[in-house]
Amino acid sequence: MEKISLPGKVAVVTGGARGIGKAFVQRLLEKGAKLPSHFQVVILDILKDEGEASLKDLQEKFGRDNVYFYYCDVTNGKLFEDLLKSINKDIGKLDIMVNNAGVCNEDDWEQTIHINLIGVIRGTKQATELMRRDKGGNGGVILNMSSIAGLEPFKGIETYCATKHGLVGFTKTMALNSEDADWGIRYHCMCPVGVDTALVHKLKQITGQEYFDHAVEKTGGLLSIEGLTEEFLKMILYSDNRCLAIVKPTGVQYLEMEKKTN
């Protein structure tokens, strides 16, 4: 049974202009845009040209009223928070928040922390305030994109690993907070193995070919974007609160986050 019904709902996806983020947006629209009551997706991204190109492409496929794009730098706290408030007020209640924006840049490790960790924490906290039933919201779903690097170390990407580990702990704790206070919000964390994208192939230059090949073999191979998006949709629609998913080409391992202890 679906935990959330898409008709009339509004979803926000950060980093949605290209790659995994755009694939998430498209999969949500494929599922929801043709429903009798509008299902709308808002793309937030710092890549203005690519965001506008993706908007045109997706509007042609799914309708102008079903998808929007706004320029957003998730490291700009006020801009990010104000955008989410505006979406909640002008488009409709925020129901699904996907914190997908991320980078891997060890040369600028502070930026990596600001985007991957602080940006996700900020997006989660602001979406939580807008969704909480005890504050007039309708509840909802918040999904944070971590990585297999959030569960184990990988050579040469120490800051990236730290941010992704942080997201796992943060999301687990938010899930417990929601249950304790009955906010009506489900919190999920996806930890895919390497996905076949430009970002993952860039890691070869950081870790070296031999280490990269060993890591890929150890985790079951590279995962296709299509395989990841299917599991993403399942988590949004069906998973219980506290669900953490390790997504591999060979299948998905669902780990229930620790329940609150008295």
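In this chain, numbering begins with 1 at the start of the sequence shown. The model shown is predicted, which means the values in this text are computed figures rather than measured ones.
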Interatomic spacing from [atom1] in [X] to [atom2] in [Y] - rounded to 0.5 Å:
X: Asn88; Y: Leu83; atom1: CG; atom2: CG; value: 12.5 Å
X: Asp180; Y: Thr173; atom1: CG; atom2: OG1; value: 12.0 Å
X: His188; Y: Lys234; atom1: NE2; atom2: NZ; value: 14.0 Å
X: Thr75; Y: Leu79; atom1: OG1; atom2: CG; value: 9.0 Å
X: Leu84; Y: Lys89; atom1: CG; atom2: NZ; value: 15.0 Å
X: Asn116; Y: Gln111; atom1: CG; atom2: CD; value: 9.0 Å

Original post:
Do Lys78 and Glu81 pass the salt bridge (Lys or Arg N to Asp or Glu O under 4.0 Å) test, and can you show the C-alpha distance, the side-chain angles, and the key distance before you say yes or no?
Top reply: CA-CA 5 Å; Lys78 187 175 189 308; Glu81 291 175 4; over 6 Å; no
**OP:** Show your reasoning for whether side chain to side chain donor-acceptor pair (under 3.5 Å) applies to Tyr187 and Thr128.
**Re:** CA-CA 10 Å; Tyr187 294 86; Thr128 295; 2.8 Å; yes
Measure across [X] and [Y] and return the closest heavy-atom pair with its distance rounded to 0.1 Å.
X: Cys104; Y: Ile206; result: SG-CD1, 4.5 Å
X: Gly123; Y: Asn99; result: CA-OD1, 3.8 Å
X: Pro249; Y: Gly220; result: CG-O, 3.4 Å
X: Leu44; Y: Cys72; result: CB-CB, 3.9 Å
X: Thr112; Y: Thr163; result: O-CG2, 3.9 Å
X: Ile115; Y: Gly102; result: CG2-CA, 3.9 Å

Tell me whether [X] contacts the main-chain N or O of [Y] through its side chain, where contact means a donor paired with an acceptor under 3.5 Å.
X: Lys164; Y: Met145; answer: yes
X: His214; Y: Glu210; answer: no
X: Ser178; Y: Ile185; answer: yes
X: Asp95; Y: Val10; answer: yes

State plainly whether the residues [X] and [Y] are in salt-bridge range, i.e. N to O under 4.0 Å.
X: Arg27; Y: Glu230; result: yes
X: Lys48; Y: Glu52; result: yes
X: Glu152; Y: Lys218; result: yes

**OP:** Just say parallel, tilted or perpendicular for the rings of Phe24 and Phe232, cut-offs at 30° and 60°.
**Re:** parallel
Is any side-chain heavy atom of [X] less than 4.5 Å from a side-chain heavy atom of [Y]?
X: Val168; Y: Leu151; value: yes
X: Ile43; Y: Tyr68; value: no
X: Leu58; Y: Glu60; value: no
X: Val13; Y: Val41; value: yes
X: Ser146; Y: Cys189; value: yes
X: Leu47; Y: Tyr71; value: no
X: Val67; Y: Gln40; value: no
X: Arg186; Y: Ile142; value: no

So, [X] versus [Y]: side-chain donor-acceptor pair below 3.5 Å or not?
X: Asn144; Y: Thr171; result: yes
X: Ser86; Y: Asp90; result: yes
X: Asp45; Y: Thr14; result: no
X: Tyr160; Y: Glu106; result: no

Subject >> Verdict with reasoning, Met174 to Asn177, per side chain to side chain contact (heavy atoms under 4.5 Å, CB included) >> reply: CA-CA 5 Å; Met174 291 299 293; Asn177 292 345; 3.8 Å; yes
**OP:** Any chance you could lay out the side chain to side chain contact (heavy atoms under 4.5 Å, CB included) test for Val141 and Met97, step after step, and finish with the verdict?
**Re:** CA-CA 6 Å; Val141 184; Met97 180 74 193; over 6 Å; no
**OP:** I would like to know whether Val12 and Val98 meet side chain to side chain contact (heavy atoms under 4.5 Å, CB included); could you show each step before the answer?
**Re:** CA-CA 6 Å; Val12 171; Val98 182; over 6 Å; no
Original post:
Pick one: which of Asn100, Asp57, Thr229 meets side-chain hydrogen bond (donor to acceptor under 3.5 Å, both in side chains) with Lys22?
Top reply: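 Checked Asn100, Asp57, Thr229 against Lys22; only one passes side-chain hydrogen bond (donor to acceptor under 3.5 Å, both in side chains): Asp57.
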Subject >> Among Arg133, Lys125, Arg132, salt bridge (Lys or Arg N to Asp or Glu O under 4.0 Å) partner for Glu129 >> reply: Arg132
Original post:
Does atom CD of Glu217 have more than 12 heavy-atom neighbours, drawn from other residues, nucleotides or ligands, at distances under 6.0 Å?
Top reply: no
**OP:** Take Thr159 and Ile113 through the test side chain to side chain contact (heavy atoms under 4.5 Å, CB included) and record every step on the way to the result.
**Re:** CA-CA 7 Å; Thr159 308; Ile113 292 171; 3.7 Å; yes
